[in-house]
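Following: one structure in C-alpha cells, then a few remarks.
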Amino acid sequence: MGAKLPPTRNCCDELYFQDSDEAAAYTVQHLTDRYGRVTQVLERLFAAGHLPLRRRQMSVLEVGAGPAPGLYAARDFYADLALWAETSGHEVPFLPVMRMHALDKGEAWGRLLHSLSEHLIALRSDLPSSPGAFPFRVEYSNLAGFSVIREHVRALDHAAESISAEFDQSDEPITRATARRFAEEDGVGRPSAYDLVVTSNFLTAEGSVKEFQMELRQLASGLTPGGLLIVIGAAAGNKYARIWSALRTLMRCTELTEIKGFEEPIAANLNPEWAKAIRRQRQDILDELRGVDALPNEVAGLQATDGFPTFRVLVWKNQRPARKGPRRRASATG
Ligand SMILES: C[S@@+](CC[C@H](N)C(=O)[O-])C[C@H]1O[C@@H](n2cnc3c(N)ncnc32)[C@H](O)[C@@H]1O
C-alpha cells in the first residue's frame with residue numbers, strides 16, 4: 001500500500017483500481033478531503049433551499065465513486081438532518097438516505113466499501129445511533145452505456161422472470177404481464193430515478209465530457225422531480241476551464257436548470273476543525289506505514305501538511321413538474 005501512495009497523489013487518471021492496495025492508498029490520500037468538500041456543497045444547497053428532502057424514499061448515486069466520498073457525505077448529512085428533525089420536534093420528518101449506489105469500474109472498490117462501512121459501523125457503535133444505509137458494494141460497474149431507467153427496467157424484467165419461475169415450479173399459470181405487475185408492486189432495488197447524483201473528480205480528462213455525452217444526458221434524465229446532479233472537480237487550470245465549459249454546453253441541451261451561486265471556486269475544508277481532523281488522519285496512516293518501513297523513498301519524508309486546493313462545483317436541478325397519473329411502461333432497449 002505504501003508503494004501505491006505516490007501514484008495516487010499525482011497520476012490518478014492512469015490508475016485502474018484493480019488491486020486492493022491501490023484502492024486503499026487512494027482512500028488514505030483523498031477520501032476525507034473529498035468527504036469534506038461534498039459536505040460543504042450539501043450545506044450550501046441546504047441553506048439555499050435546493051437540497052431535496054423526501055418523505056418516502058431518499059436515494060443517492062455516486063458516479064466514478066472510488067471510495068465514495070459523495071455517498072458517505074450524503075449519508076451523514078441526511079442522518080444529521082433526520083436526527084435534528086426528530087430531536088427538535090420538527091413536524092416534517094426528513095428521511096435519511098436508505099438507497100445509496102456506487103458506480104465505478106475499478107474492481108477493488110467493492111471490497112473496500114464493504115470493509116470501510118463495516119469499520120465505520122463498529123467505530124460509531126458508541127455514538128447515538130444515526131439513521132441511514134451504508135454502501136457495501138459497487139452497484140453498477142461502468143458509466144459507458146449506463147442509463148438509470150434502463151437498469152431499473154432490467155431489474156424489473158429480472159424480478160418478473162423470477163416470479164414466473166416460482167409460479168411454474170408450483171404449476172400455477174401466470175402471464176408475463178401479471179408477473180411484471182407483481183414485480184412492479186414489490187419494487188426493485190434499482191430505482192427509476194435518483195434524488196441526488198454526485199460525481200467528484202471523475203470528469204478529469206480532456207475530452208471526458210464528449211466521451212460520456214450520451215451517459216451524462218441519461219444521468220440528467222435519471223433525476224426525481226427536484227433531484228440534483230452535482231459535479232465536483234478541480235478549479236485551477238485551462239484544462240478544467242474547458243471541461244466545465246463543455247459540461248455546461250452539454251447540459252443546456254437537457255431539461256435541467258443550472259443552480260446559481262456556484263460560479264466561484266470554493267476553498268476546501270476551510271473549517272479549521274475539519275482540516276485538523278483530515279490532516280491527523282493522513283498523518284496517522286503515514287506514521288503507521290513509516291513505522292513498518294513501508295513508504296518508498298520518494299515519499300519517505302512525507303508529512304500530512306498539504307493544503308487543500310480550491311475546487312469547483314456545478315449543480316443542475318430537475319425542475320420539471322412531477323408526472324401525474326400512471327407511469328408509461330419503459331422498454332429496456334429504448
Ligand atoms: C479520480 S477517481 C475519483 C474517486 C472519487 N469520486 C473521489 O472524488 O475521490 C475516478 C474514479 O472513476 C472511476 N472510473 C473511471 N472510468 C470509469 C468508467 N468508465 N465508469 C465508471 N467508473 C470509472 C475510476 O475507477 C476511479 O475510481
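Just so you know, ligand 1 is whichever comes first in the structure, and atom 1 is the first atom listed for that ligand.
Atom CG of Asn142 sits in a crowded spot, with more than 12 heavy atoms from other residues, nucleotides or ligands closer than 6.0 Å. Within 6.0 Å of the CZ atom in Arg124, the count of heavy atoms belonging to other residues, nucleotides or ligands exceeds 12.
Looking only at protein heavy atoms, the nearest one to atom 5 (C) of ligand 1 is Ala65 O, 3.2 Å. Atom 9 (O) of ligand 1 has its closest protein heavy atom at Tyr26 OH, 2.6 Å. For atom 14 (N) of ligand 1, the closest non-hydrogen atom on the protein side is Phe202 CE1, 3.6 Å. Of the protein's non-hydrogen atoms, Lys105 N, 3.2 Å is the one closest to atom 22 (N) of ligand 1. The protein atom (non-hydrogen) at minimum distance from atom 8 (O) of ligand 1 is Ser200 OG, 2.5 Å. When hydrogens are left out, the protein atom nearest atom 26 (C) of ligand 1 is Asp104 OD2, 3.5 Å; that is the closest non-hydrogen contact.
Note on ring orientation: taking the six-membered ring where Trp is involved, the planes of His101 and Tyr194 are perpendicular (angle over 60°, cut-offs 30° and 60°). Using bins of under 30°, 30° to 60° and over 60° for the plane-to-plane angle, the ring pair Phe134/Phe136 lands in the perpendicular bin.
Taking a cut-off of under 4.0 Å to the non-hydrogen atoms of Phe17, the atoms of ligand 1 that pass are 25 (O), 26 (C), 27 (O). Heavy-atom proximity to Glu62, at under 4.0 Å, picks out these atoms of ligand 1: 6 (N). The ligand atoms of ligand 1 that sit less than 4.0 angstrom from a heavy atom of Asn201 are 1 (C), 2 (S), 3 (C), 8 (O), 10 (C).
Gln29 and Thr8 share no donor-acceptor pair across their side chains, judged by distance under 3.5 Å alone.
The shortest N or O to N or O distance between Leu103 and ligand 1 is not below 3.5 Å. Checked by distance only, ligand 1 and Asn142 come closer than 3.5 Å through their nitrogen or oxygen atoms. Note: no N/O pair closer than 3.5 Å links His30 and ligand 1 by distance alone. The shortest N/O to N/O separation between Leu143 and ligand 1 falls below 3.5 Å.
The shell of residues lying under 4.0 angstrom from ligand 1, judged by heavy atoms, excludes Tyr140. Heavy atoms of Phe212 approach ligand 1 to within less than 4.0 angstrom.
When hydrophobic clusters are built by joining Ile, Leu, Val, Met, Phe, Trp and Tyr residues whose side-chain heavy atoms come closer than 4.5 Å, directly or via intermediates, Phe77 is not grouped with Leu120. Hydrophobic clustering (side-chain heavy atoms under 4.5 Å, transitive across Ile, Leu, Val, Met, Phe, Trp, Tyr) keeps Ile259 apart from Leu250.
A salt bridge links Asp33 with Arg37: the closest approach of a Lys/Arg side-chain nitrogen to an acidic carboxylate oxygen falls below 4.0 angstrom. Ion pairing of Arg181 with Glu184 is absent here, as no side-chain N (NZ or NE/NH1/NH2) approaches a carboxylate O to less than 4.0 Å. With respect to the salt-bridge test (charged N to carboxylate O, under 4.0 angstrom), the residues Glu288 and Arg290 do not qualify.
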